[in-house]
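Worth saying up front: this structure is predicted, and the values here are computed from it rather than measured. Each ligand, and each atom within it, is numbered from 1 in the order the structure gives. In this chain, numbering begins with 1 at the start of the sequence shown.
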Amino acid sequence: MSRLIVVSNRVNPPADAGVGTAGGLAMALAAALREYSGVWFGWSGETVETFSGQISMQKVGGVTVALVDLEEQDREEYYDGYANKTLWPLFHSRTDLAAFERSFGEGYERVNRRFAETLAPLIGPNDLVWIHDYHLIPLAAELRRLGVKNRIGFFLHIPWPGRHQMTTLPQHRELVETMLAYDVVGFQTNDALEAFGDYIERELELAIDDGVITANGRKTRIGAFPIGIEAQDFADLATQDVAREAFERVRYSQAGRKMILGVDRLDYSKGLEERFLAYEQLLVDHPDWAEHVFLLQIATPSRDAVQAYQEIRARLDGVSGRINGAYATVDWVPIRYVNRGHRRDELAGIYRAAQVGLVTPLRDGMNLVAKEYVAAQDPEDPGVLVLSKYAGAAEQMQDALIINPFSREETSEALGRALAMPLKERIARWRRLMDGVLADDVSAWRDRFVAALRSDPRPAPVLLPPPSEKMANDG
Ligand code: GDG
């Protein structure tokens, strides 16, 4: 029987469904792994003095996980370095923040090789291997080098950059060529797929025929597989006890004011500063809204070891403090800025309490918060989603108020419109959004990807000579 082997940098199956900080993705993958009796392989998050390749096998929430420790130098060069200081900014159109250091590239190659050498012995003859995200782009090429012949797929959770941006990466060509070792390469959006296709055709000068690239006798199918959330479960969660308590608490504290909500990992790609400034613009353009609205921004700190993250955090402290200092009154604070994580079910209740969901990334692979906001709404009195056109989610969620997050005026106008939107229009927009979120949920995403990975896109090329030649030779 074929098992599914999922590989990602970090491994986090939920120990308990619905609570804690486990995201929808972790839950969806965990469900797939239970179904296919698979294994989830990745870094333990721990470091040891010398890499041993020893695997720690554990069972977490019914899922078998295989964890490997890395060295401190691996963490610095591969994780903090190439993944988070080079690829993440580059793929989010922040070439100005991208560090191109040779040691990072070497660390990235070394860890991918170490992953491959540790993982290869675990792979059975019929297993499907599904590798996730930018930390592990060259992993299939390393596995092929070790003789692994299984079908291997790759899914990129973040955007694919434009060709000119991509070519700023030293050895971009070598990196992209490793992607041709996969059988399937999946992106979040058509936009990312097109950008990748442009690179393949113009930099590698390879043809793409009906979504298939042929190189070195191997076929790689490429496609857009927009990720979803566990929509029905999340909608149910939003009406359960913990969510209801969180909802009541927030509504009580609102004191009749409307709430605009942002929920993000604290990351420079999420457009948080632009969001604060657009909200300030709303207070300038519509002074009548002052004291009748507030912005709740939940931003959980992440990647603290990277300087750009320390800087954005300091900037946001500054901007939110300045706006609050300038506009607050004795009984009204315009921005409630919270740097603390919340339980998933609490979060569902907070989403439901918000009249506006404000999602303003400057660049984002998908953005699950937009989908969670929609799923958590009360069907009889739903809030309005204001969504950046640079979130992958905008391709599917055209019934949101779509904005350009770089324009304060445009975002401020959309906020004004959202706050004043009549119930009938709110319901009509929400219904269409919700139908999409339910239909394209995380299980649909997973099943589509696994189906693509299972099926051979086309028969292998016929290498026999054509019949007439063959006959002539036979004769
Ligand atoms: C990457 C791509 C793509 C946030 N605060 C809390 C909390 N969260 C959860 C949200 C949501 C998740 O974190 C964030 O997901 P996003 O999709 O918004 O963003 P990234 O973390 O950047 O994810 C992104 C995604 O991968 C999947 O492919 O959509 O484009 O960048 O689920 O709810 N969860 C809890 N407490 C919090 O305080 N429990």
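Counting heavy atoms closer than 4.0 Å to ligand 1, residue Y373 contributes nothing at all. Residue contacts with ligand 1 for H157 involve both N, CA, C or O and side-chain atoms from C-beta outward (heavy atoms, distance under 4.0 Å). Contacts between V369 and ligand 1 below 4.0 angstrom, taking non-hydrogen atoms only, involve backbone and side chain alike. With a heavy-atom cut-off of 4.0 Å, T300 touches ligand 1 through its side chain alone. For L347, every heavy-atom contact with ligand 1 shorter than 4.0 Å involves the side chain, none the backbone. Here Y351 has side-chain heavy atoms under 4.0 Å from ligand 1, and that is the only part of it that gets that close. Only the side chain of V263 comes within 4.0 Å of ligand 1, judged by heavy-atom distances.
Remark: ligand 1 atoms within the under-4.0 Å shell around heavy atoms of G365 are 30 (O).
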### Task
Starting from the C-alpha separation in whole Å, work towards a yes-or-no answer on salt bridge (Lys or Arg N to Asp or Glu O under 4.0 Å) for E203 and R173.
CA-CA 8 Å; E203 291 294 324; R173 200 185 162 95; 5.4 Å; no

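Using bins of under 30°, 30° to 60° and over 60° for the plane-to-plane angle, the ring pair F115/Y78 lands in the tilted bin. Note on ring orientation: taking the six-membered ring where Trp is involved, the planes of Y79 and H135 are parallel (angle under 30°, cut-offs 30° and 60°).
Note on residues 354-400: pairs passing ring pair (Phe, Tyr, Trp, His ring centres under 6.0 Å), not counting sequence neighbours, are Y390-F406. Residue pairs meeting the side chain to side chain donor-acceptor pair (under 3.5 Å) criterion with at least one partner in residues 233-248, sequence neighbours excluded, are Q232-D236.
Between L87 and I158, the closest side-chain pair of non-hydrogen atoms is not below 4.5 Å.
If you check each of K270, K371, R265, E372 against atom 19 (O) of ligand 1, the one with the closest non-hydrogen atom is K270.
For the pair R336 and F294, the cation sits on the ring face: its NZ or CZ lies under 6.0 Å from the ring centre, inside 45° of the axis.
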